[in-house]
Amino acid sequence: MKRFLSIIMSATAIIGACTACSEIEDGTTDIDSWEIPAPTYDPQVYTIKHPCMLHTADDIAYTKAHLGQSPWSEAYTKLKTSGYSNSDRKASPVKYLARLDKDNWGDGGGRWDDAGLRDEFYPGIHNNYTQFFRDCAAAYQLALLWQLEGDAAAADCAVNILVDWARVNKGILLGRGPKWKDDVIDSNEYLIMFQIHQAANAAELLRDYQGWENKESFGEVVDWLTTYFYPFCSRFLQMNNTDHWWMNWDLASMTAMLSMGILADDQDMINEAILHFKQGDGPGCLNRKGIIAMYDDPDSAEKLAQGNESGRDQGHNTLCAAMVGAFCQMAMSLGEDLFSLNGGRAIAFAQYVAKYNLVRPEVGTGYDVGTLTDASFVYDSSSLPFTTYTYNGGTMTAISGDKRGSERPGWDIWAGYCNTHDITGKYVCEMADHFRPDGGGGHYGGDSGGFDQVGFSTLMHYRPKK
């Protein structure tokens with residue numbers, strides 16, 4: 001673990017009291033004033049029993065045994081009719097991935113000269129990551145089809161998608177000129193990492209298809225992911241120790257890194273991701289900047305945790321809930337229970353998000369958030385405590401109502417854990433009940449928000465209460 005330990009040693013050199021880990025009553029807090037906690041966690045050697053990541057062999061067997069029953073049967077129908085699980089799909093790989101602002105980068109203007117990339121410009125390159133998130137969603141969904149019904153055509157298609165990308169793509173578009181030399185030309189490119197855990201999960205599900213993990217093409221996929229994307233995940237997590245990038249940015253790199261580590265059997269990579277969750281300097285650490293305050297829920301005997309993006313908007317806040325759930329589930333497959341870490345801070349965080357965003361039964365699903373009013377929600381905003389905090393140059397004095405009610409998949413990861421661990425999980429279970437069965441790519445619009453999480457948590461993670 002030499003590579004990873006050098007990172008940890010620099011982090012552990014700073015010792016202080018963990019003022020952020022204690023409960024904070026209603027008031028005001030400035031995240032930058034918090035002292036960095038003394039490290040309390042060490043690297044572990046994890047047992048990796050493939051398939052791992054989001055789905056273990058036991059998870060797959062459980063789902064297969066219940067496909068003829070509700071709600072798994074309805075969830076399976078959503079998978080097969082998503083539009084991205086067709087076995088005749090062809091990949092659309094690009095040499096360099098870009099996620100750039102159209103106004104600055106869409107017309108091939110002077111910025112391309114400044115970046116030394118004039119020769120790489122073509123119309124649409126600024127937003128070509130859209131091809132990537134669609135192909136990653138397809139690879140994952142096709143891999144699930146193979147695992148659940150032995151569809152060899154689906155497996156072949158998924159493998160071909162991943163191999164095509166591995167053989168064409170050289171990672172993220174980087175600058176070559178003096179202004180952006182060997183660096184991302186827009187920090188939004190770091191958000192491409194949302195798709196990496198989907199590609200890695202697809203490869204993980206496929207590794208035993210006709211012994212693919214023993215073939216050269218599997219190694220090409222692993223090398224592609226770890227060579228071109230891991231360094232940027234690691235760099236971002238190390239540099240995101242200010243109050244500039246929000247929680248979802250950390251989670252994009254954390255889920256990517258953890259999934260690549262499992263796929264590659266790389267203990268250093270796995271530990272780097274998990275220890276960032278436990279004691280990192282960025283907002284992906286739920287023991288520090290990720291959680292603003294912990295509360296007793298006024299309407300139950302459970303805890304609530306106000307997250308880093310609660311005062312920003314609910315589109316990003318619900319994304320964080322989906323990604324924290326995915327991260328904890330992948331770690332759970334390694335035997336590391338992050339759901340329950342430090343008194344269940346992760347669950348308390350998801351509970352806070354769920355309580356605020358749960359719509360009334362009559363609202364249904366598939367609605368336009370712009371049509372919702374305060375009367376559309378089950379719980380009044382006053383039922384959620386809130387601590388004023390400063391982040392990213394602004395002070396949040398109340399939970400944000402912007403995009404309240406945003407519909408994202410993934411709630412059955414939370415509900416499934418609670419139901420199998422004797423935890424009430426009132427609000428995450430109510431949220432999962434309302435949106436069940438959830439879908440994935442193809443069910444939540446054509447923008448990145450519909451593809452940043454893999455979804456299909458009902459199909460793979462729904463578990464009834466004991």
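The chain is numbered in sequence order, starting from 1. Side chains included, hydrogens not; waters and symmetry mates left out as well; all remaining heavy atoms used.
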S.K.: Please work out which of the three classes, parallel, tilted or perpendicular, describes the rings of W414 and F339, given edges at 30° and 60°.
M.R.: perpendicular
S.K.: Tell me the closest heavy-atom pair linking E407 and T365, and the distance in Å.
M.R.: OE2-CB, 3.6 Å
S.K.: Run N287 and Q279 through side chain to side chain contact (heavy atoms under 4.5 Å, CB included) and show every step you take.
M.R.: CA-CA 6 Å; N287 281 335; Q279 60 193 28; 5.8 Å; no
S.K.: Atom CE of M323 and atom OG1 of T318: how far apart are they, to the nearest 0.5 Å?
M.R.: 12.0 Å
S.K.: Mind checking whether L319 and M247 have side chains closer than 4.5 Å, heavy atoms only?
M.R.: no
S.K.: Between K303 and D296, is there a side-chain N and carboxylate O pair less than 4.0 Å apart?
M.R.: yes
S.K.: Taking the six-membered ring for Trp, are F386 and Y389 parallel (under 30°), tilted (30 to 60°) or perpendicular (over 60°)?
M.R.: tilted
S.K.: Can K355 and D299 be counted as an ion pair, charged N to O under 4.0 angstrom?
M.R.: yes
S.K.: Take a 6.0 Å sphere around NZ of K49 and say whether it holds more than 12 heavy atoms from other residues, nucleotides or ligands.
M.R.: no
S.K.: For S82 and Q141, test the side chains for any donor-to-acceptor distance below 3.5 angstrom and give the result as yes or no.
M.R.: yes
S.K.: From the options F194, F133, Y444, select the one residue that forms a side-chain contact (heavy atoms from CB on, under 4.5 Å) with D452.
M.R.: F194
S.K.: Under a plain distance cut-off of 3.5 Å, with no hydrogens placed, do Y46 and E336 share a side-chain donor-acceptor pair?
M.R.: yes
S.K.: So, taking the atom named CD1 in I399 and the one named CG in N317, what distance separates them when rounded to the nearest 0.5 Å?
M.R.: 6.5 Å
S.K.: If you compare all heavy atoms of I413 against all heavy atoms of G325, which two are closest, and at what distance to 0.1 Å?
M.R.: CG2-O, 3.6 Å
S.K.: Are any of the side-chain heavy atoms of Q329 and S457 separated by less than 4.5 Å?
M.R.: no
S.K.: Which pair of non-hydrogen atoms, one from G171 and one from F229, has the smallest distance, and what is that distance?
M.R.: CA-CZ, 3.9 Å
S.K.: Can you name the closest pair of heavy atoms from H434 and R360 and give their distance?
M.R.: CE1-O, 3.5 Å
S.K.: Does a side chain donor of either D402 or S400 reach within less than 3.5 Å of an acceptor in the other side chain?
M.R.: no
S.K.: Could you walk me through whether V369 and Q314 pass side chain to side chain contact (heavy atoms under 4.5 Å, CB included), step by step?
M.R.: CA-CA 10 Å; V369 293; Q314 298 311 307; over 6 Å; no
S.K.: Partners of S85 by side chain to side chain donor-acceptor pair (under 3.5 Å), sequence neighbours excluded?
M.R.: none
S.K.: Do L258 and T255 have side chains that approach each other closer than 4.5 Å (heavy atoms only, starting at C-beta)?
M.R.: no
S.K.: Please work out whether the ring planes of Y295 and Y352 are parallel, tilted or perpendicular, with thresholds of 30° and 60°.
M.R.: parallel
S.K.: Using 0.5 Å steps for rounding, measure from the CG atom of D59 to the CG atom of L54.
M.R.: 9.0 Å
S.K.: Under the side chain to side chain contact (heavy atoms under 4.5 Å, CB included) criterion, do I292 and Y391 qualify, and how do the steps go?
M.R.: CA-CA 10 Å; I292 305 302; Y391 198 80; over 6 Å; no
S.K.: Assign the ring pair F236 / W249 to parallel, tilted or perpendicular, where the plane angle (0 to 90°) is split at 30° and 60°.
M.R.: parallel
S.K.: Supply the atom-to-atom distance L100 CG to D103 CG, rounded to the nearest 0.5 angstrom.
M.R.: 12.0 Å
S.K.: Are H461 and H55 close enough, and set up right, to give a side chain to side chain contact (heavy atoms under 4.5 Å, CB included), and what steps lead you there?
M.R.: CA-CA 9 Å; H461 300 288; H55 317 304; 3.5 Å; yes
S.K.: So do Y427 and L304 actually touch side chain to side chain, heavy atoms under 4.5 Å?
M.R.: yes
S.K.: Does NZ or CZ of R134 lie under 6.0 Å from the centre of the six-membered ring of Y84, at an angle within 45° of the ring axis?
M.R.: no
S.K.: Closest heavy-atom contact between C136 and A199?
M.R.: SG-CB, 4.0 Å
S.K.: If you draw a 6.0 Å radius around CG in D374, do more than 12 non-hydrogen atoms from other residues or ligands fall strictly inside?
M.R.: no
S.K.: Residues two or more places apart in sequence or in another chain: which of them pass salt bridge (charged side-chain N to carboxylate O under 4.0 Å, His left out) with K78?
M.R.: none
S.K.: Side chains of W246 and C320: closer than 4.5 Å at any heavy-atom pair?
M.R.: no
S.K.: For R436, is there an ion pair with D412 - N to carboxylate O distance below 4.0 angstrom?
M.R.: yes
S.K.: So which heavy atom on T420 is nearest to which on R463, and how close?
M.R.: CG2-CB, 3.6 Å
S.K.: I'd like to know whether Y462 forms a ring-ring contact (aromatic ring centres under 6.0 Å, His included) with W72, so could you lay out the CA-CA distance, the side-chain angles of the two residues, the decisive distance to 0.1 Å, and finally the verdict.
M.R.: CA-CA 8 Å; Y462 172 74; W72 296 275; 5.2 Å; yes
S.K.: Is the shortest side-chain heavy-atom distance between D266 and Y230 below 4.5 Å?
M.R.: no
S.K.: Between K278 and D42, is the closest basic N to carboxylate O distance under 4.0 Å?
M.R.: no
S.K.: Hey, are the side chains of R89 and D135 touching, using non-hydrogen atoms and a 4.5 Å cut-off?
M.R.: yes
S.K.: Looking at side-chain heavy atoms only, is the closest gap between R207 and L263 below 4.5 Å?
M.R.: yes
